[in-house]
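Only one structure is covered here, and it is reproduced in the block below.
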Amino acid sequence: MKGVSLIAAGSALSGPLANAAGIIPSPAEASPLPRDDDFEPVTGLSPVRALDPEVSRPVNVIIIGCGNRGRTYAGYARKFPKGMKVVGVSDILEHRANYLGDQHNVPQEMRFGHFREVFEGGKKLADAVVIATPDDRHYEPCMKALALGYDVLLEKPVAPTAKECKAIREMTKKTGRVVAVCHVLRYAPYFMALREVVRSGVIGDVVNIQHMEPIQYAHMAHSYVRGNWRREDETTPIILAKSCHDLDILRWIIDKPCKHISAEGWLSFFKAENAPEGAPKYCTDGCPHQKECPYDAVEIYTRLKQHLGVFDLHGSKDPELIMSRLKDPRYNSYARCVFHCDNDQPDHYVAIMAFDGDVTASFSMDAFSPKGGRRTRIMGTMGYIEGDGKEFTVTDFLTRKPRVWNMNVAEIPEYAQSGHGGGDLRLVRDWLEAVDRHDPAHLSSSIDVSIESHLMGFAAERSRRTGKKEKI
């Protein structure tokens, strides 16, 4: 069976995307529309570049924040040492800084505690910094780094307030430094291909997009009920903490400014009045409802072995070690009953947006789903696209033939261990090239557009609280 052509023969586009991709016909049950198994090979989309960077020398980097995201970005240096070298680490948890420091042979004098120690001497110690601190601690290290002349890889969200986001934008322009915001989905082959198909014109003009982010029930419990992002006042609103990726993707695909937004959302389930009778404060205290509760911490962590990155297990999945972590005061917030936490983030959220050119979009974030993975439907004047984060189907209204894009990132060795659908390490590669050439054009998103999508999130949160439509 031949590969499926995403773009019709004779399209103005050229150059295959998926030399390494699995491009398959749409299954019969996917659509009642006519099918033809004899299609031309895929043409029209950009090839996926290798992950090793084109730089003149390794970029020396200090990792500020040695948790999961910091370790992820630092991991690029181990895979591609000719592109990046970790020369310093900083974390208020000494064991995390030392673990990452040991992995990269960082000398003791370049192992810092609080991020202020990195900057207190007023001397530049590396080419660039990665800022992967908690959400509410991005602003100060970013501003200090820019003032000292560092280029920056800045974990999203940029900052917890619109005022601070704008200040970082202005400081970036004032200093002329390269700042890449970690909108990693822009660098995932799936979303890259989705955008290219839209921009090719094969579905005509975009009229409306429906986009959904199912968080997945255990992920919601882990990160936004028990975990670091459970409270807006300690981090950022969930529309930014979790879904600024999605607002950015909508802005990126539509490629026009958002004019106004309205939103609704509440915390309905994960609160004390919904606790079953006799439920203790901690799941490890022997909850009588354990067998009936899908949010049980012992089940999620020790049996299902999900979301273990926060426990500093260094690769171990031993149930006894995990249980000991759940009882350790440093980690036992993750053992709390989901009905006895101090969380305030909404567990469902809906936003409606209007963009220039009469384009509309709706976004839904929901905690109550069996699995994650974004779902997207794009309605155009000449066609339609529907995708699930791994594959998408394009239907041309003229031919009525569905075409499926399906690249298995896990089968491409360099992408196999790159999170966010292959986007994490590709982001780092492009950032290193931008730093090496001192040219932010190598980045997918300018600082202006990155901040714009954040302002959409802040406006959505104002709308959710006031019940009014908000202008951007």
Side-chain angles (χ1 to χ4, degrees), residues 51-66 69-91 100 104 106 110 112 115-133 137-159 164-184 186-187 248 423-451 454:
L51 285 172
D52 52 315
E54 298 176 1
V55 293
S56 59
R57 63 173 179 82
V59 176
N60 292 326
V61 173
I62 299 172
I63 307 294
I64 299 177
C66 300
R69 298 311 295 165
R71 292 194 297 268
T72 294
Y73 299 130
Y76 188 95
R78 300 186 73 186
K79 293 176 181 291
F80 304 101
K82 293 182 179 180
M84 172 177 160
K85 183 178 181 181
V86 175
V87 298
V89 292
S90 165
D91 200 290
L100 195 59
H104 294 271
V106 174
M110 290 293 288
F112 305 96
F115 64 76
R116 293 188 186 121
E117 296 175 20
V118 176
F119 309 111
E120 64 185 6
K123 181 181 177 182
K124 191 176 175 185
L125 304 175
D127 300 314
V129 297
V130 172
I131 297 177
T133 46
R137 295 166 206 164
H138 291 175
Y139 175 75
E140 185 181 345
C142 185
M143 294 293 276
K144 288 181 179 296
L146 291 172
L148 278 178
Y150 288 98
D151 295 309
V152 179
L153 182 65
L154 179 59
E155 183 56 86
K156 62 83 189 168
V158 169
E164 290 176 338
C165 285
K166 292 176 182 178
I168 287 175
R169 178 184 63 190
E170 296 312 310
M171 190 65 165
T172 301
K173 293 182 176 181
K174 178 181 178 181
T175 59
R177 307 314 305 177
V178 172
V179 176
V181 179
C182 295
H183 290 306
V184 289
R186 286 178 175 239
Y187 297 87
D248 178 70
D424 284 348
L425 298 185
R426 187 176 177 274
L427 162 69
V428 179
R429 182 202 66 198
D430 285 13
W431 174 64
L432 293 172
E433 292 178 349
V435 171
D436 183 66
R437 295 164 175 77
H438 199 68
D439 183 2
H442 285 265
L443 303 172
S444 174
S445 178
S446 69
I447 190 67
D448 287 312
V449 174
S450 290
I451 298 302
H454 279 62

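- At distances below 3.5 Å, at least one donor-acceptor pair connects side-chain atoms of Arg177 with backbone N or O atoms of Gly149.
- A heavy-atom distance below 4.5 Å is found between the side chains of Met110 and Phe112.
- No side-chain heavy atom of Ser90 sits under 4.5 Å from any side-chain heavy atom of Glu117.
- Side-chain contact between Ile64 and Phe119 is present, with at least one heavy-atom pair separated by less than 4.5 Å.
- No more than 12 heavy atoms of other residues, nucleotides or ligands sit less than 6.0 Å from atom CZ of Arg137.
- Taking 4.5 Å as the limit, some side-chain heavy atom of Leu427 sits within range of a side-chain heavy atom of Tyr73.
- In this structure, the side chain of Asp436 engages the main chain of Ser56 through a donor-acceptor pair within 3.5 Å.
- For the pair Ile131/Tyr150, no side-chain contact is recorded, criterion being any heavy-atom separation below 4.5 Å from C-beta on.
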- [ ] Dump the intermediate steps for side-chain contact (heavy atoms from CB on, under 4.5 Å) on Glu164 and Met143, then the final yes or no.
- [x] CA-CA 10 Å; Glu164 290 176 338; Met143 294 293 276; over 6 Å; no
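- In this structure, Asp52 and Arg429 have side chains that are not in contact, with every pair of non-hydrogen atoms separated by 4.5 Å or more.
- A donor-acceptor pair under 3.5 Å is formed between the side chain of Arg71 and the backbone N or O of Cys66.
- To the nearest 0.5 Å, atom CG of residue Asp430 and atom CG of residue Leu51 are 9.5 Å apart.
- Between the side chain of Glu433 and the backbone N or O of Glu54, at least one donor-acceptor pair lies under 3.5 Å.
- When every heavy atom of Leu100 is checked against every heavy atom of Gly70, the shortest pair comes out as CD2-O, 4.5 Å.
- Under a 3.5 Å cut-off, the side chain of Asp127 and the backbone N or O of Val59 do not form any donor-acceptor pair.
- Without hydrogens or angle criteria, His138 side chain to Thr133 main chain gives a donor-acceptor distance under 3.5 Å.
- Panel note: side chain Trp431, backbone Val152; a donor-acceptor pair is recorded below 3.5 Å.
- Interatomic distance, CE of Met84 versus CZ of Phe80, reported as 12.0 Å (0.5 Å rounding).
- Two residues are said to be in side-chain contact when any heavy atoms from C-beta on lie closer than 4.5 Å; Leu148 and Lys144 fail this criterion.
- Minimum heavy-atom separation, Cys165 to Ile451: O-CD1, 3.5 Å.
- A distance of 5.0 Å separates CG in Leu443 from OH in Tyr187, rounded to the nearest 0.5 Å.
- Interatomic distance, Ser444 OG to His183 NE2, rounded to the nearest 0.5 Å: 9.0 Å.
- Atom NZ of Lys82 is surrounded by 12 or fewer heavy atoms from other residues, nucleotides or ligands within 6.0 Å.
- Side-chain contact between Val130 and Tyr76 is absent, with no heavy atoms from C-beta onward closer than 4.5 Å.
- Minimum heavy-atom separation, His454 to Pro157: NE2-CA, 3.3 Å.
- Nearest heavy-atom pair across Ala132 and Glu155 is CA-CB, 4.1 Å.
- Note that CD1 of Ile63 and CG of Asp91 are 11.5 Å apart. Values are rounded to the nearest 0.5 Å.
- For the pair Arg169 and Ile447, the tightest heavy-atom approach, listed with the atom from each and the gap, is CA-CG1, 3.9 Å.
- Under a 4.0 Å N-O distance rule, the pair Arg186/Asp248 qualifies as a salt bridge.
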- [ ] Let me see the working for Lys173 and Asp448 under side-chain contact (heavy atoms from CB on, under 4.5 Å), right down to the final yes or no.
- [x] CA-CA 10 Å; Lys173 293 182 176 181; Asp448 287 312; 2.8 Å; yes
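- Shown here for Ile168 and Leu146, the closest heavy-atom pair between the two residues is O-CD1, 4.3 Å.
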